[in-house]
Engineer: 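My questions all concern the structure below.
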Amino acid sequence: MKNWGLKLLCLIAVIVLLTVNSVALVPTDEFFVNDFASLLTLEDQYKMQELGESLYYQTTAQAVVVTVNDMGGEDIDSFALNLARDWGIGDKEKDNGVLLILALSERKVKIEVGYGLEGALTDAKCGRILDTYGMEYFSNDDFSTGLYNVYNAIVNEVAI
């Protein structure tokens, strides 16, 4: 009888582990900088945090950067959108949040923009920002410099 209970418990644990796509991410205390993949230098983290806080106090817009080791099999578009919604990035009424996310193992990067900022950050402009300020660094595995440059460009576009 004891053996049956242990087998049932193990079966339930396996089912739960298989159905959970990835561990739910929780924003850090800094909120604007969340380096779960440990890709950012402390200096770049500090500079991005200051930029994010400044942008927020000036405009109420929130620009958040997140690095993850992997997305647990989810595509970058869904992962970014779900994360931005779960964390409530940006003012709910204004929908003025921006998420810059980099998934290391998939080598994917995305800028997810709330509807309230789509005039300042169109899809085309986001593509140019990534190409101009990040891709050279990302291709050389200098993720910290690339993310800082992209984040800085995003903040500058939103602050205008």
Side-chain angles (χ1 to χ4, degrees), residues 19-139 142-160:
T19 59
V20 174
N21 197 8
S22 63
V23 175
L25 296 176
V26 178
T28 64
D29 291 338
E30 288 76 25
F31 185 70
F32 298 105
V33 180
N34 302 270
D35 187 21
F36 300 116
S38 300
L39 299 175
L40 303 173
T41 66
L42 289 176
E43 180 182 355
D44 286 341
Q45 287 182 48
Y46 178 77
K47 291 188 296 187
M48 285 188 273
Q49 181 67 27
E50 282 193 332
L51 285 169
E53 289 174 5
S54 178
L55 177 69
Y56 176 68
Y57 292 126
Q58 290 175 18
T59 67
T60 74
Q62 293 179 331
V64 175
V65 62
V66 175
T67 68
V68 294
N69 285 315
D70 67 76
M71 297 179 293
E74 199 169 355
D75 67 274
I76 188 86
D77 295 325
S78 299
F79 191 88
L81 183 60
N82 291 334
L83 188 64
R85 286 181 177 163
D86 288 347
W87 287 12
I89 298 172
D91 181 89
K92 188 173 184 172
E93 302 278 323
K94 296 178 182 177
D95 198 7
N96 60 350
V98 180
L99 172 64
L100 169 60
I101 186 161
L102 186 141
L104 183 60
S105 68
E106 292 91 347
R107 297 193 68 86
K108 297 281 186 184
V109 63
K110 179 172 179 59
I111 301 171
E112 183 68 37
V113 180
Y115 289 121
L117 292 176
E118 286 187 341
L121 288 169
T122 64
D123 288 344
K125 190 176 282 186
C126 288
R128 281 192 303 276
I129 288 171
L130 287 170
D131 289 344
T132 303
Y133 299 101
M135 289 312 191
E136 176 184 340
Y137 297 99
F138 300 151
S139 65
D142 185 0
F143 301 108
S144 189
T145 303
L147 286 169
Y148 171 74
N149 290 344
V150 170
Y151 188 83
N152 189 46
I154 290 169
V155 167
N156 286 331
E157 289 296 325
V158 172
I160 294 175

Engineer: Give the C-alpha distance, both sets of side-chain angles, the deciding distance and a yes or no for side-chain contact (heavy atoms from CB on, under 4.5 Å) between Leu51 and Tyr148.
Structural biologist: CA-CA 10 Å; Leu51 285 169; Tyr148 171 74; 3.9 Å; yes
Engineer: With distance as the sole test, does Tyr151 use its side chain to make a donor-acceptor pair with the main-chain N or O of Ala63 at under 3.5 Å?
Structural biologist: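 The answer is yes, because a donor-acceptor pair under 3.5 Å joins these two groups.
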Engineer: Can you tell if the side chain of Tyr46 reaches within under 4.5 Å of the side chain of Val33, non-hydrogen atoms only?
Structural biologist: no
Engineer: Would you name the heavy atoms of Leu117 and Ala61 that are closest together and state the gap between them?
Structural biologist: CD1-CB, 4.3 Å
Engineer: Can you name the closest pair of heavy atoms from Leu147 and Met48 and give their distance?
Structural biologist: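 That would be O-SD, 4.1 Å.
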Engineer: What is the minimum heavy-atom distance between Ser38 and Thr67, and which atoms define it?
Structural biologist: N-OG1, 4.1 Å
Engineer: Is a side-chain N or O of Glu112 found less than 3.5 angstrom from the main chain of Ala84, in a donor-acceptor match?
Structural biologist: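 No, the answer is negative, given that no donor and acceptor are paired below the 3.5 Å cut-off.
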Engineer: Do we see a donor-acceptor contact under 3.5 Å between the side chains of Gln45 and Gln49?
Structural biologist: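 Short answer, no.
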Engineer: Which pair of non-hydrogen atoms, one from Met135 and one from Val109, has the smallest distance, and what is that distance?
Structural biologist: CE-CG1, 4.0 Å
Engineer: Taking NZ in Lys108 as the centre, count heavy atoms belonging to other residues, nucleotides or ligands within less than 6.0 Å. Is the count above 12?
Structural biologist: no
Engineer: May I ask you to say whether Asp131 pairs ionically with Arg128, meaning some side-chain N is under 4.0 Å from a carboxylate O?
Structural biologist: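 No salt bridge links Asp131 with Arg128.
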Engineer: Could you walk me through whether Phe138 and Phe143 pass the side-chain contact (heavy atoms from CB on, under 4.5 Å) test, one step at a time?
Structural biologist: CA-CA 5 Å; Phe138 300 151; Phe143 301 108; 3.9 Å; yes
Engineer: Just do the side-chain contact (heavy atoms from CB on, under 4.5 Å) check on Leu130 and Val150 with the steps written out, would you?
Structural biologist: CA-CA 6 Å; Leu130 287 170; Val150 170; 3.9 Å; yes
Engineer: What's the shortest heavy-atom distance between Ala103 and Met71, and which atoms?
Structural biologist: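 Scanning both residues completely, I find the closest heavy atoms to be CB-CG, 3.7 Å.
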Engineer: Checking Thr132 now: which residues fulfil side-chain contact (heavy atoms from CB on, under 4.5 Å) with it, not counting sequence neighbours?
Structural biologist: none
Engineer: Less than 4.5 Å apart, any side-chain heavy atom of Ile89 and any of Phe31?
Structural biologist: yes
Engineer: Checking side-chain contact (heavy atoms from CB on, under 4.5 Å) for the pair Leu99/Trp87: CA distance, chi angles, key distance, verdict?
Structural biologist: CA-CA 10 Å; Leu99 172 64; Trp87 287 12; 5.6 Å; no
Engineer: To the nearest 0.5 angstrom, please state how far the CD1 atom of Ile76 sits from the CG atom of Leu81.
Structural biologist: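 Rounded to the nearest 0.5 Å, the CD1-CG separation comes to 11.5 Å.
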Engineer: List the atom of Asn149, the atom of Tyr133, and the distance in Å for their closest heavy-atom pair.
Structural biologist: CB-O, 3.3 Å
Engineer: Drop me the distance from Glu157's CD to Asn152's CG, to the nearest 0.5 angstrom.
Structural biologist: 10.5 Å
Engineer: Can any side-chain N or O of Asn34 pair as donor or acceptor with the backbone N or O of Pro27 at less than 3.5 Å?
Structural biologist: no
Engineer: So do Leu55 and Gln62 actually touch side chain to side chain, heavy atoms under 4.5 Å?
Structural biologist: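 The answer is no, as the side chains (C-beta and beyond) never meet within the 4.5 Å cut-off.
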Engineer: From Lys125 NZ over to Ile154 CD1, what is the distance, rounded to the nearest 0.5 angstrom?
Structural biologist: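 Going from the NZ atom of Lys125 to the CD1 atom of Ile154 covers 12.0 Å.
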Engineer: Under 3.5 Å, is there a donor-acceptor pair linking the side chains of Asp44 and Ser144?
Structural biologist: yes
Engineer: Is Ser54 reaching over with its side chain to a backbone N or O of Glu50, donor-acceptor style, under 3.5 angstrom?
Structural biologist: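 It does not hold such a pair.
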Engineer: Asp95 side chain to Tyr115 main-chain N or O, any donor-acceptor pair under 3.5 Å?
Structural biologist: yes
